[in-house]
Trainee: 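Structure provided below as structure tokens; questions to follow.
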Amino acid sequence: MDNHKERIANFRIEPPGLFRGRGDHPKMGMLKRRIRPQDIIINCSKDSKYPTPPPGTKWKEVRHDNKVTWLVSWTENIQGSIKYIMLNPSSRIKGEKDWQKYETARRLKKCVDRLRAQYREDWKSKEMRIRQRAVALYFIDKLALRAGNEKEEGETADTVGCCSLRVEHLKLYPESEGQEYVVEFDFLGKDSIRYYNRVPVEKRVFKNLQLFMENKEPDDDLFDRLNTSILNKHLQELMDGLTAKVFRTYNASITLQQQLKELTNAEDNIPAKILSYNRANRAVAILCNHQRAPPKTFEKSMQNLQTKIDAKKDQLSDAKRELKSTKADAKVRKDEKSKKAVETKRKAVQRIEEQLMKLEVQATDREENKQIALGTSKLNYLDPRISVAWCKKWGVPIEKIYNKTQREKFAWAIDMADKDYEF
DNA sequence: CCTGATACTTAGAATTCTCGAA
DNA sequence: TTCGAGAATTCTAAGTATCAGG
């Protein structure tokens with residue numbers, strides 16, 4: 001069914017009253033926002049049907065702008081920001097946009113060596129703005145930092161990205177724990193998630209950072225001659241369609257591909273291969289700093305799993321003991337029936353060993369994933385064709401990697417990629 | 001240049017659903 | 001048949017990027 005029509009058909013205006021905002025529970029009934037029919041703008045093609053407003057009311061406007069993709073919008077009454085109803089990720093429009101995003105990242109792959117050589121040169125530039133630009137780009141590339149737009153002070157949480165880093169967010173160590181030129185980052189990023197990292201950097205970068213920080217207060221901008229608009233303008237000149245966030249997409253996807261190559265063992269069974277996939281995914285999530293609060297039930301669920309593992313181990317030693325005695329029995333009796341019994345017992349042991357292994361893999365995976373969120377990178381940063389190709393290459397069912405919704409969103413990739421796809 | 005408006009992507013938590021063990 | 005853990009889905013805030021108009 002045509003997605004646009006579907007969304008329109010399902011669209012309805014809530015009765016005036018209770019609307020939720022991030023952080024408050026619906027049952028608390030917090031009165032936050034009230035969307036009134038007269039605030040709503042409908043955007044649809046000229047010949048399409050659209051919902052009629054509730055009796056006695058009117059829409060703010062009905063327009064037909066095919067330069068944008070939203071179906072409905074209104075101005076939220078707290079911050080005055082605009083809200084939209086958009087198409088589902090499985091829609092053609094979103095799918096094509098997503099594909100395009102990964103194609104841009106693949107074009108970056110082709111010229112990234114040139115760009116890296118360029119910004120390394122720029123570390124030596126006579127001009128401060130160029131040096132700052134080059135060091136910022138190095139961070140965005142190496143550490144997958146976000147661009148860091150300026151935001152209005154006071155109104156919002158004090159969070160930063162690359163271009164908005166302040167002096168107080170970095171500590172420089174000429175030497176630390178046997179490594180030279182170590183930079184310690186400690187700041188709050190998007191959603192106030194802490195970014196903490198200690199990384200050795202190139203000497204030139206280190207010297208530049210010292211220079212940028214000279215005679216500044218802790219709350220001064222590190223890159224005082226740079227902002228996202230300047231940076232993106234520069235990137236646009238280096239490659240068509242290049243912006244700061246393309247580096248995150250590129251580095252995430254290339255890391256997944258490279259980690260899958262490194263971690264997948266041909267002789268592993270499917271659960272072990274999936275563990276390898278999750279580990280590759282995890283490497284990306286760590287790079288992008290996708291964290292989560294450990295689930296409230298984490299300790300308990302680990303304990304439950306351990307109990308299962310212990311029980312399985314007991315079951316295994318029982319089965320082994322039985323196998324042994326059946327073998328001994330067969331040696332004495334030497335008849336067909338006892339030979340068959342040995343085979344049955346042998347199979348049982350094998351089956352239990354496999355089950356045990358599966359549980360242990362699950363425990364490892366869960367433990368390693370305690371504070372890491374895999375969903376965001378899987379949904380937004382990893383070219384799905386890499387995963388599709390990996391599944392085809394190793395005979396792993398795609399359902400093990402993507403659930404139903406994800407398969408719908410990535411239908412274009414499932415159609416497109418064969419086992420030899422290279423990002 | 002700078003600023004605010006606009007449109008779109010990315011984000012983790014909250015909520016709801018589902019399925020296997022008891 | 002019920003219960004609860006884990007998976008799936010929903011929710012909407014918080015980002016990025018671009019552009020018009022001063």
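The figures here come from the full heavy-atom set of this structure, side chains too, leaving out hydrogens, waters and symmetry mates.
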Trainee: Is any side-chain N or O of A/Arg248 closer than 4.0 Å to OP1 or OP2 of B/dT10?
Mentor: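 No, outside the criterion.
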Trainee: Of the candidate nucleotides B/dA7, B/dA11, B/dA13, which contains the atom at the shortest distance from the side chain of A/Arg292?
Mentor: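 Nearest nucleotide to the side chain: B/dA13.
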Trainee: Partners of A/Lys94 by salt bridge (charged side-chain N to carboxylate O under 4.0 Å, His left out), sequence neighbours excluded?
Mentor: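 Salt bridge (charged side-chain N to carboxylate O under 4.0 Å, His left out) check on A/Lys94 returns nothing, list empty.
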Trainee: Quick one: does NZ or CZ of A/Arg107 land under 6.0 Å from the six-membered ring centre of A/Tyr250, within 45 degrees of the ring axis?
Mentor: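 Negative - A/Arg107 is either too far from the ring of A/Tyr250 or too far off its axis.
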Trainee: Would you call A/Lys312-A/Glu360 a salt bridge at under 4.0 Å N-O?
Mentor: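 Salt bridge between A/Lys312 and A/Glu360, a charged N being under 4.0 Å from a carboxylate O: no.
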Trainee: Would you call A/Lys216 and A/Glu168 a salt bridge, using N to O less than 4.0 angstrom?
Mentor: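 No salt bridge links A/Lys216 with A/Glu168.
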Trainee: Taking CD from A/Glu76 and P from C/dC11, how many angstroms apart are they, rounded to a whole number?
Mentor: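 My rounded result for the distance is 17 Å.
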Trainee: Take the protein atom OH of A/Tyr102 and the nucleotide atom C1' of B/dT10, then report the distance between them rounded to whole Å.
Mentor: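 So the two atoms are 11 Å apart, to the nearest Å.
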Trainee: Separation of A/Ile82 atom CD1 from B/dG4 atom C1', in whole Å?
Mentor: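 One finds 10 Å between C1' of B/dG4 and CD1 of A/Ile82, rounded.
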Trainee: Establish, with yes or no, whether the OP1 or OP2 oxygen of B/dT9 is under 4.0 angstrom from a side-chain nitrogen or oxygen of A/Tyr381.
Mentor: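 It does not, given that no N or O in the side chain of A/Tyr381 lies less than 4.0 Å from OP1 or OP2 of B/dT9.
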Trainee: Could you list by number each residue of residues 407-414 of chain A showing a heavy-atom separation from DNA chain C of less than 4.0 Å, or answer none if no residue does?
Mentor: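 Contacting residues: none.
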Trainee: Measure across A/Ser387 and A/Tyr277 and return the closest heavy-atom pair with its distance rounded to 0.1 Å.
Mentor: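 Nearest heavy atoms, A/Ser387 then A/Tyr277: OG-OH, 2.7 Å.
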Trainee: A/Lys404 side chain N/O closer than 4.0 Å to the phosphate oxygens (OP1, OP2) of C/dA7?
Mentor: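 It does not, given that no N or O in the side chain of A/Lys404 lies less than 4.0 Å from OP1 or OP2 of C/dA7.
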Trainee: When you check the side-chain N and O atoms of A/Arg63 and A/Asn43, is any donor under 3.5 Å from an acceptor?
Mentor: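 Judged by distance alone, the side chains do not pair up.
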Trainee: Taking NZ from A/Lys296 and C1' from C/dA7, how many angstroms apart are they, rounded to a whole number?
Mentor: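 To the nearest whole Å, that distance equals 17 Å.
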Trainee: Using a distance-only test with no angle check, is there a side-chain donor-acceptor pair under 3.5 angstrom linking A/Tyr102 and A/Arg385?
Mentor: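 Checked: A/Tyr102/A/Arg385 side chains show no N/O donor-acceptor pair below 3.5 Å.
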Trainee: Would you mind telling me which of B/dT10, B/dA13, C/dA8 lies closest to the side-chain atoms of A/Thr405?
Mentor: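 The closest nucleotide is C/dA8.
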Trainee: Among residues 128-143 of chain A, which ones have heavy-atom contacts with DNA chain B below 4.0 Å?
Mentor: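 Under 4.0 Å from DNA chain B: no residue of residues 128-143 of chain A.
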Trainee: Under a 3.5 Å cutoff, is there a donor and acceptor pairing between the side chains of A/Gln306 and A/Asp310?
Mentor: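 Note: A/Gln306 and A/Asp310 side chains meet the donor-acceptor criterion.
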Trainee: If you measure only the distance, is there a donor-acceptor pair under 3.5 Å linking the side chains of A/Ser164 and A/Asp221?
Mentor: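 No.
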Trainee: Looking just at side-chain N and O atoms, do A/Asn149 and A/Thr228 make a donor-acceptor pair shorter than 3.5 Å?
Mentor: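 Checked: A/Asn149/A/Thr228 side chains pair up, N/O donor to acceptor below 3.5 Å.
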Trainee: Restricting to non-hydrogen atoms, name the atom on A/Cys162 and the atom on A/Ala136 that form the minimum distance, rounded to 0.1 Å.
Mentor: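 Of all heavy-atom pairs spanning A/Cys162 and A/Ala136, the closest is SG-O, 3.5 Å.
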Trainee: Starting the side chain at C-beta, find the nucleotide from B/dA11, C/dA13, B/dC8 nearest to A/Lys97.
Mentor: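 Shortest atom-to-atom distance from the side chain points to B/dC8.
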Trainee: By a strict heavy-atom criterion of less than 4.0 Å, which residues belonging to residues 368-378 of chain A are in contact with DNA chain B?
Mentor: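 Going residue by residue through residues 368-378 of chain A, the ones with a heavy atom under 4.0 Å of DNA chain B turn out to be A/Thr376.
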Trainee: Between protein and nucleotides 15-22 of chain C, map the contacts as a letter string: B base, S sugar-phosphate only, - none, heavy atoms under 4.0 Å, written 5' to 3'.
Mentor: SBBS----
Trainee: Checking contacts here: which listed nucleotide (C/dT9, B/dC8, C/dG6) is nearest the side-chain heavy atoms of A/Tyr84?
Mentor: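 The answer is B/dC8.
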Trainee: For residues A/Ala363 and A/Ile309, report the shortest heavy-atom separation together with the two atoms involved.
Mentor: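 Result for this residue pair: CB-CD1, 4.0 Å.
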Trainee: Within residues 298-316 of chain A, find the residues that approach DNA chain B with a heavy atom at under 4.0 Å, and present them sorted by residue number.
Mentor: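 None, since no heavy atom is under 4.0 Å.
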Trainee: Which heavy atom of A/Met239 sits nearest a heavy atom of A/Thr104, and at what distance?
Mentor: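 Closest approach of A/Met239 to A/Thr104: CE-O, 3.6 Å.
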Trainee: Ignoring hydrogens and angles, state whether a donor on the side chain of A/Lys393 or A/Thr264 is under 3.5 Å from an acceptor on the partner side chain.
Mentor: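 Their side chains do not contain a donor-acceptor pair, so the 3.5 Å distance test is not met.
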Trainee: Where do A/Ile386 and A/Ser253 come nearest, in terms of heavy atoms and distance?
Mentor: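 It is CD1-O, 3.4 Å.
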Trainee: Could you check how far CE of A/Met86 sits from C1' of C/dC11, rounded to whole Å?
Mentor: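 The distance from CE of A/Met86 to C1' of C/dC11 comes to 15 Å, rounded to the nearest Å.
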Trainee: Whether A/Arg116 and A/Glu121 form a salt bridge (side-chain N of Lys/Arg under 4.0 Å from carboxylate O of Asp/Glu) is what I want to check.
Mentor: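 No, A/Glu121 and A/Arg116 are not salt-bridged.
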